[in-house]
Every structure is written in structure tokens, then in C-alpha cells.
A.B. asks: 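Before anything else, here's the structure in question.
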Amino acid sequence: MTQTLTIRRPDDWHLHLRDGDMLRAVMPHTSRHFARAIIMPNLVPPVVTAADARAYRDRIQAAIPADHSFTPLMTLYLTENTDPADVAAAHAEGLINAVKLYPAGATTNSASGVSDFSKVAGVLEKMAEIGLPLCTHGEVTNADVDIFDREAVFIDRVLDPIRRNHPELRVVMEHITTANAADYVKANDKNLGATITTHHLVINRNHILAGGIKPHYYCLPVAKREEHRIALRAAATSGDPRFFLGTDSAPHTDENKLLPCGCAGCFTAPNTMSILAEVFEQDGALDKLEGFASLNGPAFYRLPVNEDTLTLVRETPAYPENIPTPEGPVTVFDPAMPLHWSVK
Ligand SMILES: NC(=O)N[C@@H](CC(=O)O)C(=O)O
Ligand SMILES: [Zn+2]
Ligand SMILES: [Zn+2]
């Protein structure tokens, strides 16, 4: 039985760090294991201009513990008023690595997102021209579309038309949750990739709803049926370079998770690598973990892989049930299964 596994140091291609006290509290839990992360811009107010991204990057850098090495990869939040020239300049100076599309109202702090997709055609055209990836929260928001169908409908009604209009646009389907999304990625061999979260590899909708409602498993897109979880596991462990890790680690205080209208998001930064090792070992694919967590993402983003390494050892991991923050505790994702791998 394999006792240790050393891989290139991983990156997280979809991460929420928040701001202020919360940023300072959660930052070490990512920078301890990950070398880089694509930083989501859904702050209040959102990170919409190059100036916003520069200031946010500086606040992140100030929150990195002195003995950790970590590089935030910044994104801009796409609005109907985003200026293509500002985006191009931010990309040219190396400030941003992607632009993030939130359909207005789809998820946490998405009110400034896009309602009329024709209004962002100019920005998308510019991004296609300069090779800057578009990260997408892929759910429609129409009240008449069932929440469990919103990802599949987004692919048909929004994503596929965008990709037909801008065939050179490089797109990441973020946090995919359905077999439909995995199949769409597999059917397209150019300019398309997808991130998969840690939690969507281990929970289905029963974990949220059966035997009492479990707010800590509620995230968006919401976890689907078991057959979809199995399709995501197959995609993640397949070695297909179009699929890579984006934890979507999304801290909210317990107070905000446990409200009558609680926030969406799972906080997975502290135990993601232990969970992934368990998942890949269960599926007989430990040799594919490095591709998923450390190689496929840099290849898509056209960045070098990390030179340093991370070693996992067969030992029960120790991590807290929650982490303290000045705003209150944040519960760490419970994988609902025993874990056997620790980061050394
Ligand atoms: N995934 C979530 O459930 N929540 C994210 C937003 C997002 O990534 O959609 C958050 O910012 O809390
Ligand atoms: Zn999202
Ligand atoms: Zn997210």
C-alpha cells in the first residue's frame, strides 16, 4: 500500500478569500498547501476595475503569513459596464488572469452581474482577441427553471451561444455539478475547461436534505443526484486535462449559514488535499491526483507548473471542526467519511 505521495505543489483555480478580518483568518488555510489561486471577485462592492484588483491584491498579499509562499491570481467581476480597454490594460500589465461572469442574482454577491448578455459582447470579443479566460458561474436565474436544472439550462441558453459568437474565447466552466456539464466539456476540444470542487466529489443532494436539512452542505450550484456526483468523479480522476481543481472554498460564518435564509458555500480549504487523496485512492486513481490538482490548471491558464512539491502521508489528518474569525466561527467542510491522508 502506498504510504506517501509527493506531487507538484497544487493550485486552487477557484477560491473565495473575502476581505478584512475574514481574509486574514482564512488566508493561511489556503497558502499552507496551495501555491496559487484564482481569486473570486464577488466582494461587497465587487472587484470591477483594474484599480480595485490592484488594491485587493495588495490586501491579500498583506494577509499571507511570512513563512508561506503564495501568489494570488486576480480576476475582474464582469458587469454590463465593464470597459474592454480597462480589462485589456489589466491583462497586459499582468494584473489579472481571468474575468468572472456571474449571471445577475445567481449566487452570493452577484447582484452586479450580467442580465443582458448582449451588453458584454464587446468585452468578450476583446478577451477572445487577447486570450484572457472567462470564468463562468453557470446557472440561469429564471424563476421558472428548477434549481436542479439551472446548470444544464445555462449551457444551452447562455454558454453555447456565447461560445458560438466568440469561438476563440477561452472559457472555464466553474464548479460543475452535472454529467451534462462534464459531457459538454468532453465534446469540445478547444478553448474550454472546467473546475470541479472538493465537495461536489463527495456529496449529493441527499447529504443536504435527507434526515434533516444540513446548511453546511448547501452551496451553489447545489449538489445534484448521485449519478451526477459519479460523473464528476469520473471526470476528475480520468486524467483528462480539461478538468482541474477549483475548491470554491467559500467561507461564511456559522451565524450566516444557519439563518432561515442561509448563505451558500462550503469552506474546504483546510482539508481539501486530504479529501482529494481519499477520493482518488477510492477510485484507484492516486496517480491522477497530481494532474487534477497541480498540472491541468496551469496548462489551461498557460502558466508554469510549480517547482516545489507537496507530500501526503498515510495518517489520519488533524483539522479543526471550525476556525475562529473575529466575525464568528466558520465550520470546516465535513466529508462524511473517514480520511486517511495528511499533508506533511
Ligand atoms: N459557491 C457558493 O455556494 N458560494 C460562493 C459563490 C459562488 O461561487 O457561486 C460564495 O461566494 O459564497
Ligand atoms: Zn459560483
Ligand atoms: Zn465560488
Side-chain angles (χ1 to χ4, degrees), residues 11-20 22-23 25-26 29-30 34 37-47 56 60 72-78 98-114 133-141 147-148 150-151 154-155 158-159 171-178 181 193-203 205 207-208 214-224 232 244-259 261-269 272 297 325 327-328 330-333:
D11 303 301
D12 184 349
W13 301 96
H14 180 133
L15 176 66
H16 299 273
L17 285 176
R18 316 302 189 199
D19 212 342
M22 183 64 88
L23 163 63
V26 300
H29 295 282
T30 286
F34 296 92
I38 286 277
I39 309 299
M40 289 297 133
N42 61 333
L43 305 182
V44 190
V47 179
Y56 186 32
I60 292 169
L73 305 174
M74 307 308 293
T75 62
L76 292 183
Y77 184 121
L78 182 63
V99 170
K100 178 69 189 252
L101 165 67
Y102 292 101
T107 187
T108 309
N109 303 333
S110 59
S112 316
V114 179
L134 178 73
C135 296
T136 57
H137 179 106
E139 288 189 289
V140 294
T141 55
I147 190 163
F148 291 99
R150 287 180 179 187
E151 181 173 286
F154 178 87
I155 295 170
V158 182
L159 180 63
V171 176
V172 187
M173 297 171 71
E174 298 290 334
H175 50 38
I176 62 169
T177 59
T178 56
T195 56
I196 303 179
T197 74
T198 314
H199 47 284
H200 289 117
L201 294 173
V202 297
I203 64 165
R205 63 196 202 179
H207 288 82
I208 313 169
K214 317 284 192 326
H216 291 300
Y217 288 139
Y218 174 60
C219 66
L220 288 169
V222 70
K224 309 295 192 298
L232 299 176
F244 42 92
L245 173 64
T247 66
D248 193 16
S249 183
H252 293 279
T253 60
D254 287 353
E255 190 185 355
N256 287 333
K257 288 290 291 176
L258 303 178
L259 292 171
C261 182
C263 293
C266 298
F267 178 55
T268 53
T272 273
T325 83
E327 295 168 29
V330 174
T331 290
V332 176
F333 177 73

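FYI, side chains are in, hydrogens and waters are out, and symmetry mates aren't considered; it's all heavy atoms of this structure. Source: prediction; values computed, not measured. Both ligands and their constituent atoms are indexed starting at 1 by order of listing.
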A.B. asks: Determine which of the N, O or S atoms in Asp248 is closest to the Zn ion (ligand 3) and give its atom name.
C.D. replies: OD1
A.B. asks: Which atom name does His137 have for its N/O/S atom nearest to the Zn ion (ligand 2)?
C.D. replies: ND1
A.B. asks: Where is the nearest protein heavy atom to atom 7 (C) of ligand 1: which residue, which atom, and how far?
C.D. replies: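 For atom 7 (C) of ligand 1, the nearest protein heavy atom is Thr107 OG1, 3.4 Å.
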A.B. asks: Quick check: does Lys100 get an N/O under 3.5 Å from an N/O on ligand 1?
C.D. replies: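 Checking ligand 1 against Lys100, no N or O pair falls under 3.5 Å apart.
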A.B. asks: Determine whether any heavy atom of Met40 lies closer than 4.0 Å to an atom of ligand 1.
C.D. replies: no
A.B. asks: When you check the side-chain N and O atoms of Thr177 and Lys224, is any donor under 3.5 Å from an acceptor?
C.D. replies: yes
A.B. asks: Does ligand 1 have any atom that is closer than 4.0 Å to a heavy atom of Glu139?
C.D. replies: no
A.B. asks: Under 4.0 Å from a heavy atom of His137: which atoms of ligand 1 are those, numbered in the order shown and with their elements?
C.D. replies: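 Near His137, the atoms of ligand 1 are 9 (O).
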A.B. asks: Confirm or rule out an N/O/S atom of Glu174, from backbone or side chain, lying less than 2.8 Å from the Zn ion (ligand 3).
C.D. replies: no
A.B. asks: Out of all atoms in ligand 1, which are within 4.0 Å of some heavy atom of His175? Include the element for each.
C.D. replies: 8 (O), 9 (O)
A.B. asks: Has His252 got a side-chain atom pairing as donor or acceptor with Ala264's backbone, closer than 3.5 angstrom?
C.D. replies: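 Side chain of His252 to backbone of Ala264: a pair is present.
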A.B. asks: Check the orientation of Trp13 and Phe244. Use parallel for under 30°, tilted for 30 to 60°, and perpendicular for over 60°.
C.D. replies: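 Aromatic pair Trp13/Phe244 classed perpendicular.
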A.B. asks: Give the single entry among Thr108, Leu43, Asn42, Leu220 that approaches atom 2 (C) of ligand 1 most closely by any heavy atom.
C.D. replies: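 The nearest heavy atom belongs to Leu220.
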A.B. asks: Would you mind telling me which of Asp248, Ile38, Thr195, Leu101 makes a side-chain contact (heavy atoms from CB on, under 4.5 Å) with Glu174?
C.D. replies: Thr195
A.B. asks: Could you check whether any side-chain heavy atom of Arg205 comes within less than 4.5 Å of a side-chain heavy atom of Val222, counting everything from C-beta outward?
C.D. replies: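 Of all side-chain heavy-atom pairs linking Val222 with Arg205, none is under 4.5 Å.
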A.B. asks: Under 3.5 Å, N or O to N or O, is His16 touching ligand 1 that way?
C.D. replies: yes
A.B. asks: When you check the side-chain N and O atoms of Thr253 and Glu327, is any donor under 3.5 Å from an acceptor?
C.D. replies: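 No, no side-chain donor-acceptor contact under 3.5 Å.
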A.B. asks: Are a donor atom and an acceptor atom from the side chains of Thr247 and Asp12 found within less than 3.5 Å of each other?
C.D. replies: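 Note: Thr247 and Asp12 side chains meet the donor-acceptor criterion.
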A.B. asks: Taking only non-hydrogen atoms of Glu174, do any sit less than 4.0 angstrom from ligand 1?
C.D. replies: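 Flag not set, Glu174 not near ligand 1.
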A.B. asks: Which of the atoms of ligand 1 are close to His14, meaning less than 4.0 Å from one of its heavy atoms?
C.D. replies: 8 (O)
A.B. asks: At what distance is the nearest protein heavy atom to atom 1 (N) of ligand 1, and which residue and atom is it?
C.D. replies: Asp248 OD2, 2.7 Å
A.B. asks: Hey, does the side chain of Lys257 reach the backbone of Gly265 with a donor-acceptor pair shorter than 3.5 angstrom?
C.D. replies: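 Yes.
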A.B. asks: Should one rank Ala264, Cys219, Cys266 by closest heavy-atom distance to atom 4 (N) of ligand 1, which comes out on top?
C.D. replies: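 It is Ala264 whose heavy atom sits nearest to atom 4 (N) of ligand 1.
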A.B. asks: Can you give me the NE2-the Zn ion (ligand 3)-NE2 angle for His14 and His16, to 10°?
C.D. replies: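 Taking the Zn ion (ligand 3) as the apex, I get 110° for this pair.
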A.B. asks: Using side chain to side chain contact (heavy atoms under 4.5 Å, CB included), reason through Tyr102 and Met40 one step at a time and then give a plain yes or no.
C.D. replies: CA-CA 11 Å; Tyr102 292 101; Met40 289 297 133; 3.7 Å; yes
A.B. asks: Can you tell me how the ring of His175 sits relative to the ring of His14, calling it parallel under 30°, perpendicular over 60° and tilted otherwise?
C.D. replies: tilted
